Amino acid sequence: MKYLIKKLCTLIITLFILSLLAFSAFSIIGDPAASMLGTNATPEQVAQLRHELGFDRPLLVQYGDWLSGFLRGDMGTSYSYSLPVSGMVLEKLPTTFVLTLMALALNVAAAIPLGIAAARYAGGLFDRVVTVLNQVIMSIPPFFTGILLTCLFGLVFRLFTPGAFVSYAENPWGFLGYLFFPALSIAAPRTAMTVKLLRSSILEQLGQDYIRTAYSRGSSRTMALWGHALRNALIPVITFTAVSVAEMVAGSIVVEQVFSVPGIGRLLLASISSRDFPVVQAIVVILALWVAAVNLLADVLYQYADPRIRLS
Amino acid sequence: MTAEPILEVRDLCAGYRTRGRAGRDRQVLDHVSFTIHSGEALGLVGESGCGKSTLARTILGMQAGYTGLVCHNSQRPQMVFQDPFSALNPARTVGWILEEPLRIAGQSSRAERRRRVDELLEQVGLSPAYAARRPHELSGGQRQRVCIASALIVRPRLVIADEPVSALDVTIQAQILQLLADLRQEYQLSYLFISHDLNVVYQLCDRVIVMKEGRIVEENTVDEIFDHPRHPYTRQLLEAAE
């Protein structure tokens with residue numbers, strides 16, 4: 001419990017520093033007042049708008065203003081659309097959330113059985129095929145996998161119509177079906193890495209002395225793997241999967257473009273190019289919160305997998 | 001001694017090919033023959049790398065590629081290993097580890113397995129409460145007691161102990177040796193006791209075989225070996241021990 005509180009404090013500090021960094025990064029790039037008014041604006045008009053938007057105040061005051069608003073649920077107003085940011089973000093968030101969750105589910109559901117099977121039959125034909133495929137998949141970035149999947153399953157096999165996004169309100173199953181291929185593109189490289197890690201982790205555990213003890217007691221290879229090695233071998237995999245979630249959140253931003261998924265990633269990219277600072281700031285903090293929460297969950301899981309950690 | 005033989009090893013040879021194109025066969029065991037009788041403790045001494053551990057593995061059937069005969073006149077022998085820190089799975093409780101040989105042997109009643117675990121823990125001088133602990137919570141001596149309990153839980157008649165005390169402090173060594181001696185009395189156990197330390201062998205064993213480069217160079221009772229060593233290698237070992 002004490003451990004959890006400590007972790008939560010770290011999480012809050014992380015988010016605080018991150019939002020401050022995002023805030024300063026944007027102020028270095030320059031405020032959007034000039035671009036909002038267009039090329040014909042006089043310096044007086046720009047100064048007037050800067051004053052209205054509060055850009056003439058010290059940076060820390062601006063940040064404090066933003067922070068107190070954010071904590072009350074007010075994320076400011078979009079410069080481009082003049083809409084409240086919270087509404088815009090909350091509308092897009094569930095799609096990206098489902099997309100990433102689906103990628104995570106695919107990642108775990110594929111990596112664990114494949115990693116176990118590759119380790120169980122290490123050196124065999126299956127293991128060698130998996131190893132080669134792993135190397136290939138690992139080296140293809142998600143956006144390119146996305147393009148390949150669109151060509152193959154969208155245009156050749158016609159399993160989905162590229163670009164024809166189905167919203168959840170329209171058809172829940174169609175929505176999940178459309179997100180399947182984007183999720184697959186995001187999950188593929190991380191899954192290949194997880195399989196490789198799990199395989200080598202299991203083989204490392206199978207070489208330990210306690211496995212030799214188990215064999216001497218009459219244990220079979222299968223029993224040694226499931227009863228002894230697997231649990232210890234999963235510990236590094238949990239840590240890696242938490243990192244994978246961060247990677248997959250980042251991957252979703254790009255892949256949403258490829259598959260025309262109207263998620264938070266598309267909104268983020270559009271807002272960056274239009275210098276719609278309040279939207280960018282809100283999305284960055286929300287994504288960071290998400291990744292940090294997953295890492296916290298991994299820390300908790302980690303303790304269940306490795307009892308030696310629980311005491312410290 | 002007229003007791004029945006419990007393990008007979010005849011002309012055992014084992015080896016492996018060194019890697020590479022010029023791979024040569026390296027003979028690890030060279031026509032090893034000996035017998036252990038019921039209730040007897042046989043010491044096996046020799047320097048490291050002389051094939052002691054390979055011999056133990058071969059007797060347990062954990063070594064591929066050997067010729068010769070290993071004849072058990074009882075059920076499968078059990079083994080106690082050298083390093084109690086790495087020999088126990090860190091993720092499992094002591095109780096789970098102790099139950100494992102019973103599960104493998106097909107003892108399906110959980111209550112019966114639990115009862116045996118409690119019984120064995122007391123036999124090796126630990127409280128049954130230790131069943132819920134994990135190996136990292138135990139000291140080296142306590143872990144080695146757990147290892148001994150897990151070897152004895154299926155009631156073997158022969159226990160092979162491969163350097164069971166060499167990883168422990170001297171005071172703990174004495175306690176573990178005493179425990180092995182007590183258990184031998186109680187269960188009429190036979191031991192194959194592998195060690196490089198002649199003093200340890202002297203305390204526990206009846207007979208000793210001396211091994212050098214995969215071959216048995218001398219075999220005799222413990223008193224004869226210590227008082228009248230015949231082979232120069234045995235003398236060398238004895239001098240080194242003093």
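Note that the coordinates shown come from a computational prediction; the quantities given were computed from them, not determined experimentally. The basis for the numbers below is simple: all heavy atoms, side chains too, and nothing from hydrogens, waters or symmetry mates. Letters A, B, ... mirror the listed sequences (proteins, then strands); counts begin at 1.
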Exercise. side-chain contact (heavy atoms from CB on, under 4.5 Å) between B:Arg57 and A:Tyr215: does it pass, once the steps are laid out?
Worked result: CA-CA 10 Å; B:Arg57 290 173 61 89; A:Tyr215 284 146; over 6 Å; no

For this session: Taking atom CZ of A:Phe126 as the centre, report whether more than 12 heavy atoms of other residues, nucleotides or ligands fall under 6.0 Å from it.
Result: yes

Exercise. Are more than 12 heavy atoms from other residues, nucleotides or ligands located less than 6.0 Å from atom CD of B:Glu186?
Worked result: yes

For this session: Report yes if the side chains of A:Ser219 and B:Ile104 come closer than 4.5 Å at any heavy-atom pair, otherwise no.
Result: yes

For this session: Kindly compute the distance separating CG (B:Asp83) from CG (A:Asp209), expressed to the nearest 0.5 Å.
Result: 6.5 Å

Problem set entry | Separation of B:Asn89 CG from A:Ile211 CD1 (nearest 0.5 Å) | 6.5 Å

Exercise. B:Arg103 versus A:Met223: any side-chain heavy-atom pair under 4.5 Å?
Worked result: no

Exercise. Atom CZ of A:Arg217 and atom CG of B:Leu102: how far apart are they, to the nearest 0.5 Å?
Worked result: 11.0 Å

Exercise. Does CZ belonging to B:Arg10 count more than 12 external heavy atoms closer than 6.0 Å?
Worked result: yes

Exercise. Non-hydrogen atoms of chain A under 4.5 Å away: do they reach the side chain of B:Ala151, the backbone, both or neither?
Worked result: both

Exercise. Which bit of B:Met79 comes within less than 4.5 Å of chain A, counting heavy atoms only: side chain, backbone, both or neither?
Worked result: both

For this session: Evaluate whether atom CZ of B:Arg115 has more than 12 neighbouring non-hydrogen atoms of other residues, nucleotides or ligands under 6.0 angstrom away.
Result: yes

Problem set entry | Side-chain heavy atoms of A:Ser216 within contact of B:Phe81, under 4.5 Å | yes

For this session: Please determine, among A:Ser220, A:Ala214, A:Gly218, the option with the most heavy-atom pairs under 4.5 Å with chain B.
Result: A:Gly218

For this session: Please report the closest heavy-atom contact between A:Gly227 and B:Arg92, naming both atoms and the distance.
Result: O-NH2, 2.9 Å

Seminar exercise, completed: When the 4.5 angstrom heavy-atom criterion is applied to B:Leu88 and chain A, the contacting part is backbone

